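From a predicted model like this one, the values you see are computed outputs, not experimental measurements. We count residues from 1, following the sequence as given. Every number for a ligand or one of its atoms is a count from 1 in the order of the listing.
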Amino acid sequence: MTELPIYPLTNEHKMLRDAARDFAQKEIAPIAAEFDESGEFPSNTIKKMGELGFMGIEVPEQYGGAGMDSLAYVLALEEICKVDASHGVIMSVNNSLYCHGILKFGTEEQKKKFVTPIASGKAIGAYSLTEPQSGSDAGNMRSTAVRNGDFYILNGRKSWVTSGPVANYFVVFMMTDPSKKQKGVTAFLVDGNSKGLTRGKKEPKLGIRASATSELIFENCKVPAENVLGKEGEGFKIAMTVLDAGRIGIATQALGIAEAAYEAARSYAGQREAFGHKIGQFQGTGFKLADMKTRIEASRLLIYNAAIAKEKAKNNNGRYSLEASMAKLFASETAMYVTHQAVQIHGGMGYSKELPVERYFRDAKITEIYEGTSEIQRLVISRSELGLK
Ligand code: CAA
């Protein structure tokens, strides 16, 4: 990757980035195509990533994490995603959607109990907001939690839960007072072994096929009241705050995919000959590479900017929704653009499963959809610019 002078990296940043790159090249690259094909969850490599501290990079050491900053997180994630976006999203969900929210809103006991096993790589965490009828319109959820003494009884159906089939713990958002709409949502920490919680079928997917996605079905699932994250009625704000962090992770996933596709296309353009020349010597290919490279570096700047804004927000409890949404919007659309062009530059070989370029193309699409579609990112950005929220 290019080292941009305006973001000088510390030695710790470089060491973590290099460790992630090394691990990705040695351990993930040889198995990525096979796990994409089979759709099997890559438990062994995920476990090793946990042991290396990649599942809780910003989590303080006292809760089993690496105790580093937001920039460190995106640097390491970028290297993993550059090799395999499936491993990348599992890492992103553990770090951002799961650990980040509990660290920010959880009690001391909750942090110890629910963050430590995930950050130290002994267990997997997941985040569950979406329902069959409420994706972008997240406030329109129907699943309910009703208080009964020291417990809440959870009922309903959640969908599109990344790591749903394998996660040990979940952050789940439920309606506790439907009359209050968004202000009636509450967040719960739920043990995956809870009675009354079952996992639906694993979704067959176009891309990120080695990451496991499923529904969650709650049928009179009893959760202790001490497992409420934050306060009753604060759940929607918690969900949105956590998604701001998550969106930086998905932007980084998009960046990694785009970089991998770009490097493959650049290399191919320097070797493949047509009409007596290397195809990179034709302006049609050269200009494509120029646009791909420029958009990748612009994505990187937006992502580093968002990571630094997130780091600052840790001290002043501020928001960085604008920075996170701009990074996700631009990086995900860049990933689609770059992977599309990379397939085109490779011609027939770009369409073949013999090379990973077609996998990059399939993996890129989800970055424009999950953790807020591009349309939702445009909504967040325009509302912020117009002072509407
Ligand atoms: N941080 C803190 N508070 C926030 C916030 C944020 N980022 N965004 C909104 N809020 C607050 C608002 O200030 C408002 O509070 P007040 O009423 O006190 O002012 C409250 O939340 C409600 O906000 P809105 O009126 O803006 O709510 P809305 O219903 O209009 O929704 C939205 C806004 C941006 C469209 C939001 O619903 C949204 O982001 N939707 C997309 C959801 C999404 O990304 N889903 C993906 C789920 S995860 C996934 O993909 C699967 C996986 O496992 C990876």
- Item | Heteroatom distance test (F236, ligand 1): nitrogen or oxygen, under 3.5 angstrom | no
- Does CD belonging to Q283 count more than 12 external heavy atoms closer than 6.0 Å? no
- Which ligand 1 atoms does L379 reach within 4.0 Å, using its non-hydrogen atoms? 35 (C)
- Message: Below 3.5 Å, N or O to N or O, backbone or side chain included: is there any such pair between D137 and ligand 1?
- Response: no
- Report yes if the distance between the aromatic ring centroids of Y127 and Y98 is under 6.0 Å, otherwise no. no
- Co-members of the apolar cluster containing V161 [side chain, <4.5 Å]: Y152, L154, F170, V172, M174, F188, V190, L197, L216, F218, V223, V228
- Could a heavy atom of L97 be found less than 4.0 Å from some atom of ligand 1? yes
- Message: Under 4.0 Å, heavy-atom basis, I'd like to know which part of V89 is in contact with ligand 1: side chain, backbone, both or neither.
- Response: neither
- Structural part of I376 in contact with ligand 1, heavy atom criterion under 4.0 angstrom: side chain
- Message: Once you restrict to heavy atoms under 4.0 Å, what part of E375 touches ligand 1? Side chain, backbone, both or neither.
- Response: neither
- Item | Lys/Arg N to Asp/Glu carboxylate O, K82 vs E263, below 4.0 Å | yes
- May I ask you to list the atoms of ligand 1 that are less than 4.0 angstrom from any heavy atom of K183? 16 (P), 17 (O), 18 (O)
- Query: Is the shortest N/O to N/O distance between T130 and ligand 1 below 3.5 Å?
  - Reply: no
- Message: Counting only heavy atoms, tell me which of R383, R319, Q182 gets closest to atom 6 (C) of ligand 1.
- Response: R319
- Item | Heavy-atom donor-acceptor pair, E131 side chain to S143 backbone, under 3.5 Å | yes
- Query: Which of the atoms of ligand 1 are close to Y370, meaning less than 4.0 Å from one of its heavy atoms?
  - Reply: 50 (O)
- Message: Applying a heavy-atom cut-off of 4.0 Å, say which part of W160 lies close to ligand 1: side chain, backbone, both or neither.
- Response: backbone
- Query: Does a side-chain N-to-carboxylate-O contact under 4.0 Å join E58 and K314?
  - Reply: yes
- Item | Check ion pair K158-E215 (N to O, under 4.0 angstrom) | no
- Query: Among S92, S321, G135, whose heavy atom sits nearest atom 42 (C) of ligand 1?
  - Reply: G135
- Can a non-hydrogen atom of G139 be found less than 4.0 Å from any atom of ligand 1? no
- Can you list the residues that meet the salt bridge (Lys or Arg N to Asp or Glu O under 4.0 Å) rule with E219, with sequence neighbours excluded? none
- Item | Which atom of T252 lies closest to which atom of V74, heavy atoms considered | CG2-O, 3.3 Å
- Query: Do R295's NZ or CZ and the ring of Y337 fall within the cation-pi criteria of under 6.0 Å and 45°?
  - Reply: yes
- Item | Contacting atoms of ligand 1, where contact means under 4.0 angstrom from a heavy atom of D244 | 1 (N), 6 (C), 7 (N)
